[in-house]
Chemist: 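Below: one structure in structure tokens.
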Amino acid sequence: MQETFFTSKQAAEITGCTLRQLQYWREKGVVMPVIGETGIGRSIYYSKPNLIELAAMLYFLSMGLNFDVANTTLKTLKDKEPELFESGKGTRWMLQRDNQKRSLELVEFELEQAIAQIKAGQPVIPVWLDTIHERIASKLKD
């Protein structure tokens, strides 16, 4: 089966990102298109895994994470479980506050741990790429 690629405009429509966000993230090395990463306009093409990365980045920012934390989270996910961006299958993760480091840490999702964090008044942000993957897949079917 031949892989499908998406223009910047298509990627923006599918993921909900703006064209400016795509450009900025490309310039910062956050999400690099598979074809023509240094080009402009129609010479840039994104793969399906790129769409998942874009949607994940948008999700992190919509949850109130700043750019640096969102970018670090995305890179950590790509390092820990790159197949998540291909298939959407794999471990479910969460961001939780590490009081000693005074930062958000990406850890495997555990319901009891998440509930304990919430009861303690600490933030917990689910990072479930399978749901992002499903949303992108449903938009591709339309």
Side-chain angles (χ1 to χ4, degrees), residues 1-118 120 122-142:
M1 180 194 281
Q2 189 172 357
E3 187 172 0
T4 304
F5 297 101
F6 306 90
T7 65
S8 294
K9 185 176 180 183
Q10 290 171 321
E13 289 172 0
I14 293 166
T15 62
C17 298
T18 66
L19 289 171
R20 180 64 186 118
Q21 283 174 314
L22 297 182
Q23 178 187 4
Y24 182 74
W25 296 344
R26 191 172 60 249
E27 289 169 358
K28 294 295 182 183
V30 176
V31 179
M32 300 304 294
V34 292
I35 299 174
E37 62 193 43
T38 59
I40 59 170
R42 294 195 183 268
S43 63
I44 295 171
Y45 292 92
Y46 292 89
S47 65
K48 187 176 176 187
N50 286 149
L51 297 181
I52 304 303
E53 292 175 37
L54 293 169
M57 188 67 177
L58 190 63
Y59 169 73
F60 298 147
L61 294 172
S62 73
M63 296 306 296
L65 300 179
N66 69 36
F67 176 81
D68 291 332
V69 173
N71 185 23
T72 299
T73 301
L74 184 64
K75 285 181 180 179
T76 303
L77 273 173
K78 289 187 328 190
D79 290 344
K80 287 187 176 194
E81 233 178 319
E83 64 276 3
L84 280 173
F85 296 91
E86 291 286 338
S87 67
K89 306 279 188 271
T91 307
R92 285 189 162 185
W93 300 88
M94 66 182 182
L95 287 167
Q96 70 176 23
R97 180 153 175 85
D98 182 326
N99 288 327
Q100 291 177 338
K101 294 181 182 177
R102 303 186 85 191
S103 65
L104 289 174
E105 296 293 316
L106 186 68
V107 297
E108 283 190 42
F109 179 80
E110 292 181 19
L111 182 59
E112 295 78 19
Q113 185 178 359
I115 291 171
Q117 286 284 114
I118 292 168
Q122 298 295 323
V124 173
I125 300 171
V127 179
W128 297 350
L129 290 185
D130 56 339
T131 57
I132 293 172
H133 209 280
E134 289 168 11
R135 190 179 78 225
I136 296 297
S138 71
K139 287 185 178 189
L140 293 175
K141 288 179 186 174
D142 296 341

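We're numbering straight along the sequence, starting at 1. No experiment lies behind these values; they were computed from the predicted model shown.
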Chemist: For M57 and F67, run side chain to side chain contact (heavy atoms under 4.5 Å, CB included): C-alpha distance rounded to whole Å, both residues' side-chain angles, the deciding distance at 0.1 Å, then the answer.
Modeler: CA-CA 9 Å; M57 188 67 177; F67 176 81; 3.6 Å; yes
Chemist: Step by step, would you call L140 with K48 a side chain to side chain contact (heavy atoms under 4.5 Å, CB included)?
Modeler: CA-CA 10 Å; L140 293 175; K48 187 176 176 187; 4.1 Å; yes
Chemist: I need the T76 OG1 to L95 CG distance, nearest 0.5 Å.
Modeler: 9.0 Å
Chemist: Search all heavy atoms of L61 against all heavy atoms of A70 and return the closest pair with its distance.
Modeler: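 Answer, listing the atom of L61 first, then A70: CD2-CB, 3.9 Å.
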Chemist: Please name the pair of heavy atoms, one in T18 and one in A12, separated by the smallest distance, quoted to 0.1 Å.
Modeler: C-CB, 4.4 Å
Chemist: Return each pair, listed once, that meets salt bridge (Lys or Arg N to Asp or Glu O under 4.0 Å) where at least one residue sits in residues 124-133; pairs must be two or more places apart or across chains.
Modeler: R92-D130
Chemist: Can you give me the closest heavy-atom contact between V124 and A114, atom names plus distance?
Modeler: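 Minimum heavy-atom separation between V124 and A114: CG2-O, 3.8 Å.
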Chemist: What heavy-atom pair brings A11 and T15 nearest, and what distance separates the two atoms?
Modeler: O-OG1, 2.7 Å
Chemist: Is a side-chain donor or acceptor of S62 paired with a backbone partner of Y59 at a separation under 3.5 angstrom?
Modeler: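 Yes, because the side chain of S62 sits within donor-acceptor range (under 3.5 Å) of the backbone of Y59.
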Chemist: Please round to the nearest 0.5 Å and tell me the distance separating atom CG of L22 and atom NZ of K9.
Modeler: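 Rounded to the nearest 0.5 Å, the CG-NZ separation comes out at 13.0 Å.
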Chemist: Give me the atom names and distance for the closest heavy-atom approach of N66 to D68.
Modeler: OD1-N, 3.0 Å
Chemist: Let me confirm one number: the OG1-CD distance from T4 to Q10, rounded to the nearest 0.5 Å.
Modeler: 10.0 Å
Chemist: Given the rule in the side chain to side chain contact (heavy atoms under 4.5 Å, CB included) test, do E110 and Q117 qualify, once you have shown the distances and angles that lead to the verdict?
Modeler: CA-CA 11 Å; E110 292 181 19; Q117 286 284 114; over 6 Å; no
Chemist: By the definition side chain to side chain contact (heavy atoms under 4.5 Å, CB included), identify the one residue from E108, E105, Q113 that meets it with M94.
Modeler: Q113
Chemist: Looking at K28, I'd like to know if its NZ atom is crowded, meaning that more than 12 non-hydrogen atoms belonging to other residues, nucleotides or ligands lie closer than 6.0 Å.
Modeler: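 No, because the 6.0 Å sphere around NZ of K28 holds 12 heavy atoms or fewer from other groups.
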Chemist: About how many Å separate CG of L65 and CD1 of I125, when rounded to the nearest 0.5 Å?
Modeler: 4.5 Å
Chemist: Is it the case that W25 and E53 place a side-chain donor and acceptor less than 3.5 Å from each other?
Modeler: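 There is no such pair between these side chains.
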Chemist: Quick one, Y24 and V30 - any side-chain contact, counting heavy atoms below 4.5 Å?
Modeler: no
Chemist: Would you sort out whether W93 and V107 count as a side chain to side chain contact (heavy atoms under 4.5 Å, CB included), showing the intermediate values?
Modeler: CA-CA 6 Å; W93 300 88; V107 297; 5.5 Å; no
Chemist: Once you round to the nearest 0.5 Å, how far does CD of E27 lie from CE of M32?
Modeler: 10.0 Å
Chemist: Is there a side-chain contact between L54 and I136 (heavy atoms, below 4.5 Å)?
Modeler: no
Chemist: Could you tell me if the side chain of L51 sits less than 4.5 Å from the side chain of K139, heavy atoms only?
Modeler: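 No, side chains not in contact.
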Chemist: Grab the two heavy atoms, one from K75 and one from G29, that are nearest each other, plus how far apart they are.
Modeler: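 That closest heavy-atom pairing would be CE-O, 4.4 Å.
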Chemist: For S47, does its backbone N or O pair with a side-chain atom of N50 as donor and acceptor, under 3.5 Å?
Modeler: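 Such a contact is found between N50 side chain and S47 backbone.
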Chemist: Do P33 and Y46 touch side chain to side chain, with heavy atoms closer than 4.5 Å?
Modeler: yes
Chemist: CG/L111 to CD1/I115 distance, rounded to the nearest 0.5 angstrom?
Modeler: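 Those atoms lie 4.0 Å apart.
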